[in-house]
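Have a look at the structure below before the remarks.
Below, chains carry the letters A, B, ... as their sequence lines are ordered, and counting in each starts from 1. Every value quoted in this text rests on a predicted model; they were computed, and no experiment measured them.
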Number of protein chains: 2
Amino acid sequence: MTAALELFAERGYDGTSVSQIAARAGVTEMTFFRHFPGKASVLVDDPYDPVIGVAIRRQPPGPDPISRAARGIRSAWQQLPQPSVEQVRTRLRIVAKTPTLRASIAGGTAATEAVITDALTSGGTSRREALIAAGAVMGALNTALLEWSLTDGDDLGKAIETALDLLEDRRG
Amino acid sequence: MTAALELFAERGYDGTSVSQIAARAGVTEMTFFRHFPGKASVLVDDPYDPVIGVAIRRQPPGPDPISRAARGIRSAWQQLPQPSVEQVRTRLRIVAKTPTLRASIAGGTAATEAVITDALTSGGTSRREALIAAGAVMGALNTALLEWSLTDGDDLGKAIETALDLLEDRRG
DNA sequence: CGCCAAATGTTAGCGACTAACATTCACTGT
DNA sequence: ACAGTGAATGTTAGTCGCTAACATTTGGCG
C-alpha cells in the first residue's frame, strides 16, 4: 500500500501499473491481487456502514427522508473516531484527479446506499423514496469530499457539515 | 449498436466481448473502438446537458440551490422530446444489473454535474454549495432512473417526478 | 528434524483498449 | 473514364488489469 501511494503521487494513478507497485513492494503482481481485489482498492476502505445504519434508525422518522438520513450521518460522523485528515486528503486527491477512479467510487458507495435505504425504509418511508434519498445524500457527500480534498487547509468536518446542512436545512 | 444490444440481452454485458459485438456487426474490433470510445458507451448517450443548463438559469435564484436545480430539470424534462420509453428501459436495465456499469455511469454524469454547477453559480450560489447541490440532484436522479428501469409498466415521467419532488419540496 | 499450512511465485491466458501502419472505398475534379 | 484524395476500415502488435492452475517457498510446531 505504501508503495502504491508513493507511485500514485509520483506518476499519477493511470501512469502506474500494478506490476510497478508490486516491484517497488518487492513482490509479484500476483500477490498484489491476493491482498487487494483490484488496483482501485488501495485507495478505498470504508468500514463505516454499520454505524451509519443504526445512527439513521435512531433519528425520528418524518416526512422528509433526506433530512433524516442527513441527520443520521451527522450523528454518525460525530461519534466516529476521526481519521487522519492528511491521509484521507492524499487518498481523495488522487481519486478527485482521476476520472476513472471518480467513477469507480460510485461502486464503493453502493453498499453505503443500501444501508441508508434499509434504515430509511424501516422508518416507514417507501422503498422508492428511500432509494432516492440515499442516492441524493451519497451524491452530495461524495462531491463534497472530493471538492474538499482539492482545497488546502480547510476543515474536513466543515466540508461535511456544508453538505449535510444543504441537504437537511432547506430554504434557510 | 444493434449487435451490442442484442448480445447484451442474450449473454449479459460482462458475458459479451467487444470482438463478439464486432463480429456480429460484420466488422473488426478496431472499428468498434473508432465509433465508441469504450464498451460502456454503447449504452449511454446524453445530449441533454445544454438544455438543462439554460433551464436552471431560468429558475429564480433562492437560498436553496437544490430546489432550483430540481425545478430547472423538471422544466427541461417537460420541454424535451420524450425518448422512446422502452428503449430507455432496456438500456437502463442492463446498467442496473451490471455493477461495473452502474459505477461507470457516474463518469457519464460528471459532465451534467458540471453544467448544473455552472448554472447554479451564475445565480449567486457559492461554488462549493453548487457542487454539492449538483451531486445531490444527480445522485437522486440516477438512482430513480435505475430503480424505475427494474420495474414494469411504471411511468418514466412519474419516476422522475418522485425524485424531483423529494429534492425540492421538503418537509411536507 | 520433519510436517503441514499459509503465503508467495510461475506460467498462461482473456478482455479492454491503444498505436502505427497498410488498405480499401467513395467521391471529386479534370 | 480516370487519376487522385481523404475517410473509413483492416492488420499487427503491444500494454494493462485481472484470473486460474499448478508449483514453490516459508514459518511455526510437534
Is the shortest side-chain N to carboxylate O distance from A:E168 to A:R68 below 4.0 Å? no
By nearest heavy atom, map B:T31 and A:Q20 onto DNA chain D; which one lands nearer the 5' end? B:T31
Measure from CD1 on A:I21 to C1' on D:dC16 and round the result to the nearest Å. 12 Å
Indicate yes or no: does A:E161 engage A:K158 in a salt bridge with an N to O separation below 4.0 Å. no
Compute both the distance and the angle, then confirm whether A:K39 meets the cation-pi test with A:Y13: under 6.0 Å from the six-membered ring centre, within 45 degrees of the axis. yes
Could you give the CG-to-C1' distance, from A:D14 to C:dA16, as a whole number of Å? 14 Å
Send over the distance from A:F8 CZ to D:dG17 C1', rounded to a whole Å. 12 Å
Does any non-hydrogen side-chain atom of A:R128 lie less than 4.5 Å from one of B:D154? yes
Could you pull out the protein-nucleic contacts involving nucleotides 17-23 of chain C (nitrogen or oxygen on both sides, under 3.5 Å)?
{"from": "C:dC17", "atom 1": "OP2", "to": "B:K39", "atom 2": "N", "distance (Å)": "2.8"}

Check every strand shown and say whether B:T16 touches a base, only sugar-phosphate, or nothing at a heavy-atom separation below 4.0 Å. sugar-phosphate
Are any of B:H35's side-chain N or O atoms less than 4.0 Å away from OP1 or OP2 of D:dT9? yes
Looking at residues at least two apart in the chain, or sitting in another chain, which of them share a ring-ring contact (aromatic ring centres under 6.0 Å, His included) with A:F33? none
Non-hydrogen atoms of A:M138 and A:I116 that approach each other most closely: SD-CD1, 3.9 Å
